[in-house]
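I have placed the structure first, in the form of structure tokens, so that the comments after it can refer back to it.
All values below come from the heavy atoms of this structure, side chains included, with hydrogens, waters and symmetry mates left out. Note that the structure is predicted; figures quoted are calculated from it, not measured.
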Amino acid sequence: QVQLVESGGGLVQAGGSLRLSCAASGRTFSNYAMGWFRQAPGKERQFVAAISWNGGSTYYADSVKGRFTISRENAKNTVALQMNSLKPGDTAVYYCALDRTMYGGTDPEEYDYWGQGTQVTVSS
């Protein structure tokens with residue numbers, strides 16, 4: 001069974017930075033794309049970023065482009081999301097997810113496994 005465990009969330013002031021990490025186990029991690037999504041209270045789950053199986057391709061939501069960076073270390077079965085210049089609108093629970101394909105995408109329906117989420121709160 002696949003397990004995804006996020007860490008690194010917390011409270012930060014606007015303009016600050018956080019680095020989220022996701023540790024995967026139970027499947028050959030390097031064969032699959034990974035993604036980060038977020039969900040704010042009362043809103044639908046929203047795509048944030050995705051990375052292909054070998055890190056060669058990355059994708060970002062327009063709202064985070066230029067501020068967030070997704071990366072992965074296949075040798076350690078981890079994927080990270082570096083978040084800079086944070087805004088109050090970034091406040092949400094952030095989830096990492098394992099894609100069923102190698103390539104990555106924006107549709108949460110593509111992702112078979114999800115972590116439990118980590119809270120990110122950005123104060124103004």
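Residues S52 and N54 are in side-chain contact: their nearest non-hydrogen atoms beyond the backbone lie under 4.5 Å apart. Here the side chains of R38 and V64 are in contact, with some heavy-atom distance below 4.5 Å. D99 has its side chain out of reach of M34: every pair of non-hydrogen atoms, C-beta onward, lies at least 4.5 Å apart. The side-chain heavy atoms of M83 and V12, taken from C-beta on, include no pair separated by under 4.5 Å.
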Does the pair Q1 and Y113 meet the rule for a side-chain contact (heavy atoms from CB on, under 4.5 Å), with working shown?
-> CA-CA 9 Å; Q1 182 70 356; Y113 297 96; 4.1 Å; yes
Verify side-chain contact (heavy atoms from CB on, under 4.5 Å) between S21 and E73, making sure each step is shown before the conclusion.
-> CA-CA 11 Å; S21 185; E73 288 192 64; over 6 Å; no
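With rounding to the nearest 0.5 angstrom, the SG atom of C96 is 11.0 Å from the CZ atom of R72.
Residues L11 and L18 do not share a hydrophobic cluster, defined by chaining ILVMFWY side chains whose heavy atoms lie under 4.5 Å apart. V48 and Y103 sit in two unconnected hydrophobic clusters of ILVMFWY residues. Membership requires side-chain heavy atoms under 4.5 Å apart, directly or through other members. Hydrophobic cluster membership differs between Y111 and I51, with clusters built from Ile, Leu, Val, Met, Phe, Trp and Tyr side chains linked at under 4.5 angstrom.
Heavy atoms only, all atoms of each residue included: L4 and A97 are closest at CD1-CA, 3.8 Å. Closest approach of I70 to W36, counting heavy atoms only: CD1-CD1, 3.6 Å. Nearest heavy-atom pair, S85 versus S17, reported as atom, atom and distance to 0.1 Å: N-OG, 4.4 Å. Residues A14 and S124 approach most closely at CB-CA, 4.4 Å, considering heavy atoms. The shortest heavy-atom contact between A50 and G105 is CB-O, 3.9 Å.
Between K87 and D90 there is no salt bridge, since none of the side-chain N atoms of the basic residue sits less than 4.0 Å from a carboxylate O of the acidic one.
The closest donor-acceptor contact from the side chain of T91 to the backbone of V122 lies under 3.5 Å. A side-chain donor-acceptor contact under 3.5 Å links E6 to the backbone of Q116. R100 places no side-chain N or O within donor-acceptor distance of the main-chain N or O of D112, the cut-off being under 3.5 Å.
The neighbour count for K65 NZ, taken as heavy atoms of other residues, nucleotides or ligands under 6.0 Å away, is above 12.
Listed by first and then second residue, the ring pair (Phe, Tyr, Trp, His ring centres under 6.0 Å) pairs that reach into residues 47-97 are F37-F47, sequence neighbours excluded.
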